[in-house]
2 protein chains.
Amino acid sequence: MKKSKDLCDVKSCFLCSLCVKEWLPAVEIHKKNLDYKKGELIFGEGDEVKGIYFIYKGKVKVHQKWGDDKELIIRFATSGGIFGHRGIGKEKNYPVSATALEPTTVCFIEKEFFLSSLKVNPTLMFELMMFYSNELQESEKRMKDLAHMSVKGRVASCLLSLKNTFGLDEENFLDVTLSRQDIASFSGTTYETAFRVMNELVTENSVKVIGKKIALLNTEHLQNVIERESK
Amino acid sequence: MKKSKDLCDVKSCFLCSLCVKEWLPAVEIHKKNLDYKKGELIFGEGDEVKGIYFIYKGKVKVHQKWGDDKELIIRFATSGGIFGHRGIGKEKNYPVSATALEPTTVCFIEKEFFLSSLKVNPTLMFELMMFYSNELQESEKRMKDLAHMSVKGRVASCLLSLKNTFGLDEENFLDVTLSRQDIASFSGTTYETAFRVMNELVTENSVKVIGKKIALLNTEHLQNVIERESK
DNA sequence: CGGTTGTTTGACGAAAATCAAATTGAGTGG
DNA sequence: CCACTCAATTTGATTTTCGTCAAACAACCG
């Protein structure tokens with residue numbers, strides 16, 4: 001982790017796009033731009049909450065340990081996204097970890113400054129609340145999936161969710177590199193089972209796998225898999 | 001559903017306890033107090049979002065259908081609690097249903113008025129944000145449970161969660177009456193399996209069941225069950 | 001008394017986790 | 001460039017858990 005010289009100027013970052021003009025200079029003073037290497041831990045479960053993170057460039061996974069070897073990936077975030085936002089609550093320590101999936105630059109705002117900013121910037125607060133609302137929606141949707149869907153449905157759902165977050169390139173490859181273990185952890189299943197199910201989807205021609213890259217050839221079919229599970 | 005003559009004056013209801021003095025008269029005008037019978041549907045999946053609900057007295061479950069006969073209970077709420085709050089987002093329709101578990105009086109605030117109230121009342125907005133933050137925390141915790149815990153662990157976790165929400169009376173009975181089906185739906189399992197697991201817990205002397213009432217005799221043991229699952 | 005509905009229990013099978021082993025692949029140092 | 005190691009991938013076999021189905025039983029009610 002080192003300090004980056006770049007300043008955050010992501011258009012889609014709502015920290016920057018929504019703050020009032022008068023606030024900008026203050027942000028420039030208080031924010032720290034930090035770089036993380038691929039695989040580097042940004043914060044871990046139990047760490048004290050220091051502030052909130054906005055992704056300038058890169059990709060991050062937010063995950064939670066389970067036993068010694070298992071984990072569940074809660075969500076992913078990419079350029080313009082937020083994480084560590086649950087520190088803005090009554091919890092003093094993070095209940096989750098965050099890890100960079102690739103070289104990532106974030107801008108970090110200390111909790112105290114961010115909280116006082118919220119108080120004087122209703123628009124920012126409102127947008128953050130909307131963000132929470134959507135996260136909650138998403139979270140409860142996944143809760144339902146995990147409760148009642150088969151692994152195949154969950155993997156399909158997970159792939160579509162990845163498409164949503166990271167998008168596809170011109171050849172329909174997901175614009176992110178994930179290990180099989182990550183796919184499994186995001187689907188809430190084991191490495192081996194995730195592997196088998198991915199193979200199924202490959203033989204059904206809705207997914208192509210080249211090394212670590214995954215292409216979605218037939219999202220409609222994935223959607224059908226999910227529908228079928230919901231009957 | 002009929003209009004109640006009582007006005008909401010629940011101390012713990014943050015709508016009332018946190019709104020600025022000047023706002024109170026406006027609330028009195030805009031709010032509608034509504035009564036629901038036991039089992040009555042307050043709103044259903046797909047219904048248009050009209051506003052937000054604060055529970056004056058009673059108990060409510062928020063749930064989601066799954067197929068024809070299955071459902072997942074997302075959360076419970078009781079006196080002083082909020083529901084329908086996810087309508088305060090970009091969704092135009094509820095993704096969930098809400099049903100009264102017993103005779104319930106709510107105070108209902110129209111979305112437009114509530115939104116404009118948020119804009120002029122930062123404290124209210126801040127508290128609502130904190131509420132969202134905690135809900136999100138809770139939701140992600142349950143997500144993890146559903147993904148990696150056995151049914152027994154989930155039932156134990158569900159019972160402790162019920163204790164948290166509704167509390168125990170002097171004889172350690174949960175202060176809520178739920179059908180077995182509700183226990184199953186909240187634990188994310190089937191009626192029969194929930195039944196068997198409850199029996200196990202009864203023979204282990206950590207739970208007592210008399211008719212529809214459930215007593216938690218040994219919460220420590222329930223906690224142990226959960227711990228054991230997390231290894 | 002039949003009929004309907006909810007509870008309880010048993011038996012079975014499907015799905016998925018676990019375990020174990022074989023295969024591949026990617027460095028690493030000689 | 002070639003062994004060698006270590007980790008990741010792939011596959012098969014086994015076991016567990018849990019959902020499903022069905023039947024027995026109790027309870028409630030007109």
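Chain identifiers are assigned alphabetically (A, B, ...) following the order of the sequence lines, protein sequences preceding nucleic acid strands; residue numbering begins at 1 within each chain.
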Is the side chain of A/Ser187 donor-acceptor paired with the backbone N or O of A/Ile183 at a distance under 3.5 Å, no angle test? yes
Within the side chain of B/Arg142, is there an N or O that forms a donor-acceptor pair under 3.5 Å with the backbone of B/Ile74? yes
Could you check whether the side chain of A/Arg196 and the base of D/dG12 have a donor-acceptor pair of N or O atoms closer than 3.5 Å, going by distance alone? yes
Whole-Å distance, B/Leu178 CG to C/dT7 P, equals 13 Å
Under-4.0 Å side-chain N/O to phosphate OP1/OP2 contact, B/Asn199 with C/dT9: yes
For B/Lys152 and D/dT16, what is the distance between atoms NZ and P respectively, to the nearest whole Å? 16 Å
What is the distance, to the nearest angstrom, from the CZ atom on B/Phe195 to the P atom on D/dA22? 20 Å
In whole angstroms, how far is the C1' atom of D/dC28 from the NZ atom of B/Lys212? 13 Å
Without decimals, in angstroms, what is the distance between A/Met149 CE and C/dA15 C1'? 16 Å
What is the separation between atom CD on A/Glu192 and atom C1' on D/dT14, rounded to the nearest whole Å? 13 Å
Salt-bridge contact B/Glu171-B/Lys213 (side-chain N to carboxylate O under 4.0 Å): no
Tell me the interatomic distance from B/Leu146, atom CG, to D/dC18, atom P, rounded to whole angstroms. 12 Å
Taking A/Thr104 for its side chain and A/Lys59 for its backbone only, find out whether a donor-acceptor pair lies under 3.5 Å. yes
D/dG19, OP1 or OP2 - any side-chain N/O from B/Thr189 closer than 4.0 Å? yes
With a cut-off of less than 4.0 Å, is there a side-chain N or O of B/Arg180 near OP1 or OP2 of C/dT8? yes
Taking A/Glu45 for the side chain and A/Lys65 for the main chain, is one N or O donor matched with an acceptor at less than 3.5 Å? yes
OP1 or OP2 of C/dA16 less than 4.0 angstrom from a side-chain nitrogen or oxygen of A/Thr193, does that happen here? no
Phosphate oxygens OP1/OP2 of C/dT7: is one of them under 4.0 Å from a side-chain N or O of B/Tyr191? yes
Can you tell me if the side-chain N/O atoms of B/Ser150 get under 4.0 Å from OP1 or OP2 in D/dT17? no
Indicate, with a heavy-atom threshold strictly under 4.0 Å, whether A/Gln181 touches base, sugar-phosphate, or nothing. nothing
Between P of C/dT7 and CD1 of B/Ile183, the distance in whole Å: 12 Å
